[in-house]
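In the text below, chain A, chain B and the rest are named by the order of the sequence lines, each starting its count at 1.
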Amino acid sequence: MSIVTVQLGQCGNQIGFEVFDALFSDSHCPQGLCSKRENEAYQASCKERFFSEEENGVPIARAVLVDMEPKVINQTLSKAAHSGRWKYGQHSCFCQKQGSGNNWAYGYSVHGPRHEESIMNLIQKEVEKCDSLNGFLIIMSMAGGTGSGLGAFVTQNLQDRYSNSLKMNQIIWPYGTGEVIVQNYNSILTLSHLYRSSDALLIHENDAVHKICAKLMNIKQISFRDINQVLAHQLGSVFQPTYSGEGSFHYRRNPLGDLMENLVPHPEFKMLGVRNIPQMSENSLAYSTFTWAGLLKHLRQMLISNAKMEEGIDWQVRPPLSGLPMLGKMSLNKEFHFNTSIANLVILRGKDVHSAELGAFKDPALYTSWLEPVHAFSVWKTQRAFSKYEKSAALVSNSQFLVKPLDMIVGKAWNMFASKAYIHQYTKFGIEEEDFLDSFTLLEQVIASYCNLGF
Amino acid sequence: MTQSVVIQVGQCGNQIGCCFWDLALREHAAVNQKAIYDEAISSFFRNVDTRVVGDGGSISKGKIRSLKARAVLIDMEEGVVNEILQGPLRDVFDSKQLITDISGSGNNWAVGHKVFGSLYQEQILEKLRKSAEHCDCLQCFFVIHSMGGGTGSGLGTFLLKVLEDEFPEVYRFVTSVYPSGEDDVITSPYNSMLAMKELNEHADCVLPIDNQSLFDIISKIDLMVNSGKLGTAIKPKSLVTSSAGAFKKRQEKPFDAMNNIVANLLLNLTSSARFEGSLNMDLNEISMNLVPFPQLHYLVSSLTPLYTLADVNIPSRRLDQMFSDAFSKDHQLIQADPKHSLYLACALMVRGNVQISDLRRNIERLKPSLRFVSWNQEGWKTSLCSVPPVGHSHSLLALANNTCVKPTFIELRERFTRLYKKRAHLHHYLQIEGMEESCFTEAMSSLSALIQEYNQLDATKSMPAEDLPRLRVAV
């Protein structure tokens, strides 16, 4: 089954390019560490999911590019065409002349309705090219105007028009110290709207990825390209083909459905985070070897201590002893808190993957009480290695990972809202104080729900 | 991509404008080596086939034939505009996009605003509509003028109301040169005060500049260049104040160095909208991020570096120095000290080979020494444009919405009051039809209200930033 990607705004389009590039490079990587037949099946599955066929053989990404001003899309199209290996469809973009001005209201209330038909037609055309549609990946940032506002609008439309297909939004969480001054407003409006219309929100934090670039990849002068490539790697590790079952030799045909089924058992809890291990520069890779036991031990500790990467993990954090009551509600101020999960999915790729032992992830102490570990935890194992890593593991987690960042954003937005600063920029385009209050209410609810998972 | 139209009014406005067009041509020539008319150039220039008579000459793509500035030149005296039209830039301007008169405004805001305003209203509208028609998607009007005289101040601000009524969707960015202490025009406090009211009410964003600051910057540069302390020479093309290496050679005139700084400000402001980069910033984002309340739309600007030394490898220490300089009071284009006042919002627009990690490192470094208003503690807007300015490897423009503009306004009010109390020269204004004493008192209240807003914000400076109680929800 195929996945259609919608890339929105500067961020969405810049990342989208890196994602398709990473998917393509990995699927054509000769070092798959498996048989030739295996490799070919992997390639074919990846192709079916993400690329469509072209007459002269150059694969075309199953993507729709949307931006309200032309510079980024032009760059993205030409970068893809230049590579010569894959490209975007000639008529797959929608572009205007004037951007959204970092204004969620403008993206949602002006650009959305104005261009609804054109954008949805483009998406429909892309959908028609698929033999069978698995669902949509929507890549967008929260901080700006187009990705956030128009992204929310498009997601709503997708829900209305393709109610049987799944939608997963890839959301880029901005740097804490700011890229856009009104980013907190844009973020809360986006999250509250997406919570109602999306099936799952896979969240990527710029701050976390930045640290990965600095500490693990050892990049000195980090550019957005570096950040986007790490993000692409994370997405690739999740969405590249995986076997459909233990001991199966067929690739999974319903990746989005399986992901949702495993990770989003309840609509109140939709925020997912992803962690990868190992993560390092190519130079270091040549000199490193890993065991599954070591990797999984670190990954588990990253999960329970809410570490963003494999360096600086706090080994003091332990799960509460089962049988004993939790010592009070999760305090947002406590430093060393245990991260309770609703559901986790571990995706393993590479050599000897079947020997990997995951019992420690099934410990009921890791999970909230209303789900049995057998339902809360799943693992997908695939022999074929990913992106030159002999062994690699990805953890997609529905847990308290994002409570603190969400709480911070809501707090800052609330402080700003209390002074009414910048509100006139939103009311100008039809987003009233009521809408802000609705968003705050919804998100406080989400924060409270996640905080109470310990019981 | 969008287009912008520059409206230069009065002597000061036209002289700055002239420098701007010169530098704009230079910048595009350096970036666009193949002389193809692309979207970046089209933001400020039309491509015209001059052989075609009448209006049909516009070409939208392909090779550059003849570039025409998207500009309207207005002056009530002929001297400056005539000089421009006889000088090396004469081909850049469309001779039909001018409005001139002979007698001048006599340094009287009322003459500029009321007399010439009503006299030329139709013509102004006609020229503006023409300019707008030539644009695919007009986003912004840049008005350049001075506050202390008669034409720039009076007619320039009359224009703002016209723009607001006729083109309500188009942004109005005003670059205003404020009179300095030793200004030789006696009535400049009156003119500036009357103009301020118009700026308060009809501008989206104002970039106040004052001559004293520009002069101080020039003096410092001259000192550095001539001191001989520097081991290596300064690259001539890289002097932000110099038109050396300019597209068309002009004779350097006295205010040129100062005007070049302002011209560079405008170029850098629009660079991220014109050229590509990893984090773009369009002009509509300036207003969105830097104007938290409609009245507080005065932005203090600083530009660094102002020159580059001849060594090619810029270690990151130099890069960091650039950021530090942007916040020093010596680099501000008005007399202001942002570090010791309160920030409402700050934008950093970087050009050249600078990456997100450099930006973040410097924000982290400088943040502790800056005071931000309680509801906007992390109020930074950033942009990265890959194309550096001509002669530099990188540059930084900082735009701050900061209470440090307050002293400029307070001083203006004081100078005005001194004059008004004695009713000196008042008759020159009151004798103009449409002018009454209430014009003056209303302008005063408008400015006082603005100063009061800044006072209220400053009062919060010493209060600790407290988190307000959040919404409580039942779980």
Side-chain angles (χ1 to χ4, degrees), chain A residues 10-11 14 69-72 74-75 96-103 106 144-145 175-184 206 210 213-214 219-228 407 410-412 414-425 437 440-441 444-445 447-449 451-452, chain B residues 1-3 39-40 136-139 273-294 316 344-347 353-360 363-364 367 373-384 465-475:
Chain A
Q10 172 166 29
C11 176
Q14 282 176 189
E69 67 96 15
K71 291 195 297 287
V72 180
N74 286 341
Q75 259 208 313
Q96 286 296 283
K97 304 202 182 81
Q98 185 167 189
S100 305
N102 286 167
N103 191 331
Y106 202 81
Y175 285 100
T177 42
E179 302 160 21
V180 170
I181 292 176
V182 288
Q183 63 184 46
N184 298 316
N206 269 349
H210 192 103
C213 287
I219 304 175
K220 290 280 172 275
Q221 200 190 23
I222 300 169
S223 66
F224 270 117
R225 182 140 194 268
D226 298 316
I227 305 239
N228 294 344
D407 184 64
V410 172
K412 288 188 207 165
W414 184 246
N415 267 339
M416 197 182 263
F417 182 68
S419 70
K420 299 282 176 279
Y422 299 102
I423 298 294
H424 70 285
Q425 310 271 17
L437 285 171
F440 280 116
T441 311
E444 294 283 10
Q445 187 82 50
I447 293 173
S449 302
C451 275
N452 285 326
Chain B
M1 180 94 57
T2 56
Q3 290 80 41
E39 297 214 324
D136 217 358
C137 181
L138 175 61
Q139 186 179 45
R274 288 176 291 139
F275 301 119
E276 45 96 19
S278 63
L279 190 57
N280 294 335
M281 176 161 159
D282 208 348
L283 294 169
N284 50 10
E285 295 174 31
I286 295 181
S287 183
M288 178 68 188
N289 283 285
L290 295 172
V291 182
F293 300 100
S316 61
L344 303 182
C346 185
N353 182 18
V354 182
Q355 302 300 344
I356 186 71
S357 55
D358 302 311
L359 200 49
R360 304 204 58 70
I363 291 180
E364 290 304 310
K367 220 167 58 136
V373 72
S374 63
W375 41 260
N376 200 4
Q377 290 282 295
E378 274 95 17
W380 297 91
K381 165 70 182 160
T382 54
S383 80
L384 294 166
E466 252 176 45
D467 274 335
L468 295 156
R470 298 255 294 270
L471 283 179
R472 304 191 60 173
V473 292
V475 181

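Summarising the geometry of A:G176 relative to B:E378, their closest heavy-atom pair is O-CG, 3.7 Å, with the distance given to 0.1 Å. Of all heavy-atom pairs between A:W414 and B:P469, the closest is NE1-O, 2.8 Å. Smallest separation of non-hydrogen atoms from A:T177 and B:K367: CG2-NZ, 3.5 Å. Summarising the geometry of A:K420 relative to B:F293, their closest heavy-atom pair is O-CE2, 3.6 Å, with the distance given to 0.1 Å. Of all non-hydrogen atoms in A:I181 and B:A345, the two that sit nearest each other are CD1-CB, 3.5 Å. Taking every heavy atom of both residues into account, B:R470 and A:D407 meet most closely at NH2-OD1, 2.7 Å.
The contact between B:N289 and chain A is made by backbone and side chain atoms together, counting heavy-atom distances below 4.5 Å. For a residue to count as touching a neighbouring chain, one of its non-hydrogen atoms must lie under 4.5 Å from one of that chain's; by this rule B:V291 touches chain A with backbone and side chain alike. When heavy atoms are compared at a cutoff of 4.5 Å, B:L283 does not approach chain A at all. Heavy atoms closer than 4.5 Å to chain A are found in the side chain of B:R360, but not in its backbone. Residue B:I286: no heavy atom, backbone or side chain, is found under 4.5 Å from chain A.
Going from atom OG of A:S100 over to atom CG of B:N284 covers 8.0 Å, rounded to the nearest 0.5 Å. Atom CD of residue A:Q425 and atom OG of residue B:S287 lie 5.0 Å apart, to the nearest 0.5 angstrom.
Your options are A:M416, A:Q75, A:Q221, and the one with the most heavy-atom pairs under 4.5 Å with chain B is A:Q221. Considering only heavy-atom pairs separated by less than 4.5 Å from chain B, the leading option among A:R225, A:Q183, A:E444, A:H210 is A:E444. If you tally non-hydrogen atom pairs under 4.5 Å between each of A:G99, A:G145, A:C213 and chain B, the highest count goes to A:G99. Per-residue heavy-atom pair counts under 4.5 Å with chain A were compared for B:L359, B:N376, B:D282, and the maximum is reached by B:N376. Note: B:L471 leads B:I363, B:L471, B:V373 in heavy-atom pairs under 4.5 Å with chain A. Interface summary for chain A: among B:E285, B:M281, B:R472, the most heavy-atom pairs under 4.5 angstrom belong to B:E285. Most heavy-atom pairs under 4.5 Å with chain B, from the set A:K97, A:K220, A:E69, A:Q14: that is A:K97. Interface summary for chain A: among B:L384, B:L344, B:L290, the most heavy-atom pairs under 4.5 angstrom belong to B:L290.
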Query raised in the report: A:N102 and B:K381: side chain to side chain contact (heavy atoms under 4.5 Å, CB included), yes or no, with the steps?
Result: CA-CA 10 Å; A:N102 286 167; B:K381 165 70 182 160; 2.7 Å; yes
Requested in this report: With side chain to side chain contact (heavy atoms under 4.5 Å, CB included) as the test, would you mind laying out the steps for B:I356 and A:Y175 before giving the verdict?
Outcome: CA-CA 11 Å; B:I356 186 71; A:Y175 285 100; 3.8 Å; yes
Report task. Decide yes or no on side chain to side chain contact (heavy atoms under 4.5 Å, CB included) for A:E179 and B:T382, but give the supporting numbers first. Result -> CA-CA 5 Å; A:E179 302 160 21; B:T382 54; 4.2 Å; yes
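For the pair A:K71 (side chain) and B:A273 (backbone), a donor-acceptor distance under 3.5 Å is present. Side chain of A:Q10 to main chain of B:N280: a donor-acceptor pair is present (N/O by atom type, distance under 3.5 Å, no hydrogens or angles). Counting only distance, with no hydrogens or angles, the side chain of B:Q377 and the backbone of A:K412 share no donor-acceptor pair below 3.5 Å.
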